[in-house]
Amino acid sequence: MPTAPSRFRDPRTTKYDYVARSILVRCPVCAGQAQVVRAAGEHGLWGPRRLSCLHCGASRTTAGGTLCFYGPAYEPTDPWLGLPLWLCTRTRHGYVWAYHHEHLTLLRQFVAATLRERAPWYDTGQKMTAMARLPRWMTKAGNRAEVLRAIDRLRAGTPRRT
């Protein structure tokens, strides 16, 4: 008897929902894990951000107001400081990346699901969500095993950069 398909319902989040929280990046000083968070007292999406390294103690603050989601050669970067993401690895098709662990968990649930549900056409909410904008190679069933291996590598804490 066949098993029931795993189901994923799109939570209708956009990339702005993910960058509003802390982002894990590679420290420009020691290449360790660092965080980019809102500056103290700031509440908006466009406000200043602060980089703080968990290993060497490096810190920087940006003025905010400008977002750029991709660096040179379309490598995924932090939108405020342009630093490479910590949760990023390359596959033969392209980059698999996430801003933080919750984003990575949601991405894994989406890729692993055999039944992916979007909002109905008559609903008035967000249509082009972060999951709806994933590249076709990442959503194909034939690439599922490779993408899940890359995500599991990132979850294990061993991001490979090539």
Side-chain angles (χ1 to χ4, degrees), residues 5-26 33-39 42-52 62 64-162:
S6 58
R7 174 178 272 175
F8 177 86
R9 291 191 180 171
D10 195 343
R12 293 178 158 184
T13 54
T14 64
K15 61 185 172 185
Y16 299 106
D17 296 323
Y18 298 117
V19 299
R21 302 171 50 186
S22 68
I23 299 173
L24 299 176
V25 296
R26 190 167 302 279
Q33 182 179 349
Q35 279 187 325
V36 176
V37 296
R38 286 187 186 132
E42 291 296 324
H43 300 290
L45 176 67
W46 305 101
R49 301 292 170 167
R50 181 172 181 80
L51 167 78
S52 59
T62 180
T66 304
L67 295 176
C68 180
F69 286 95
Y70 290 96
Y74 293 101
E75 183 177 347
T77 59
D78 162 55
W80 283 276
L81 298 169
L83 299 173
L85 295 177
W86 180 256
L87 298 173
C88 179
T89 190
R90 188 170 173 85
T91 65
R92 64 189 170 117
H93 302 288
Y95 289 101
V96 175
W97 56 270
Y99 288 120
H100 42 73
H101 292 289
E102 293 82 12
H103 185 201
L104 190 65
T105 301
L106 186 68
L107 186 62
R108 189 180 198 300
Q109 290 171 352
F110 178 81
V111 171
T114 55
L115 177 62
R116 300 170 183 152
E117 296 181 8
R118 294 180 63 182
W121 64 270
Y122 52 82
D123 201 355
T124 58
Q126 179 75 20
K127 297 291 188 226
M128 287 307 291
T129 64
M131 296 299 124
R133 290 179 179 265
L134 288 176
R136 177 76 176 119
W137 64 265
M138 196 178 281
T139 62
K140 285 180 67 176
N143 297 335
R144 182 176 290 137
E146 181 181 359
V147 174
L148 288 175
R149 274 194 309 272
I151 291 172
D152 289 340
R153 225 177 20 242
L154 292 173
R155 289 177 75 180
T158 56
R160 279 197 322 203
R161 309 237 359 135
T162 57

List in chain and number order the residues that pass side chain to side chain donor-acceptor pair (under 3.5 Å) with R9, two or more places apart in sequence or in another chain; answer none if no residue qualifies.
-> E117
Set of residues satisfying side chain to side chain donor-acceptor pair (under 3.5 Å) with respect to T91, sequence neighbours excluded = none
Any donor-acceptor pair under 3.5 Å from R116 side chain to V111 backbone = yes
Which pair of non-hydrogen atoms, one from [X] and one from [Y], has the smallest distance, and what is that distance?
{"X": "H100", "Y": "Y18", "answer": "NE2-O, 3.3 Å"}
{"X": "Y95", "Y": "M138", "answer": "O-CE, 3.8 Å"}
{"X": "P76", "Y": "C88", "answer": "CG-SG, 4.1 Å"}
{"X": "P79", "Y": "Y99", "answer": "CD-CE2, 4.1 Å"}

I want to check something: taking the side chain as every heavy atom from C-beta on, are [X] and [Y] in contact at a cut-off of under 4.5 Å?
{"X": "T129", "Y": "T13", "value": "no"}
{"X": "R155", "Y": "L104", "value": "yes"}
{"X": "H93", "Y": "V147", "value": "no"}

Kindly write out the residues that satisfy ring pair (Phe, Tyr, Trp, His ring centres under 6.0 Å) with H101, not counting sequence neighbours, or none if the list is empty.
-> none
Can you measure from [atom1] ([X]) to [atom2] ([Y]) and round to the nearest 0.5 angstrom?
{"X": "R7", "Y": "T114", "atom1": "CZ", "atom2": "OG1", "value": "9.5 Å"}
{"X": "R38", "Y": "W80", "atom1": "CZ", "atom2": "CH2", "value": "8.0 Å"}
{"X": "M131", "Y": "D10", "atom1": "CE", "atom2": "CG", "value": "7.0 Å"}
{"X": "I23", "Y": "H103", "atom1": "CD1", "atom2": "NE2", "value": "10.5 Å"}

Partner of L107 under side chain to side chain contact (heavy atoms under 4.5 Å, CB included), chosen from L148, L154, I151 |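 For L107, the side chain to side chain contact (heavy atoms under 4.5 Å, CB included) test succeeds with only one of L148, L154, I151, which is I151.
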When V25 is tested against each of L83, T77, L87 for side chain to side chain contact (heavy atoms under 4.5 Å, CB included), which residue passes?
->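 It is L83, the one option of L83, T77, L87 that forms the side chain to side chain contact (heavy atoms under 4.5 Å, CB included) with V25.
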What class does the angle between the rings of F110 and F8 fall in, given that below 30° is parallel, 30 to 60° is tilted and above 60° is perpendicular?
-> perpendicular
The complete set of salt bridge (charged side-chain N to carboxylate O under 4.0 Å, His left out) pairs with one or both residues in residues 99-111, sequence neighbours excluded, reads R21-E102, R108-D152
Can you list every salt bridge (charged side-chain N to carboxylate O under 4.0 Å, His left out) pair that touches residues 128-149, not counting sequence neighbours?
-> R92-E146
Can you name the residues that form a side-chain contact (heavy atoms from CB on, under 4.5 Å) with S22, not counting sequence neighbours?
-> Q35, V37
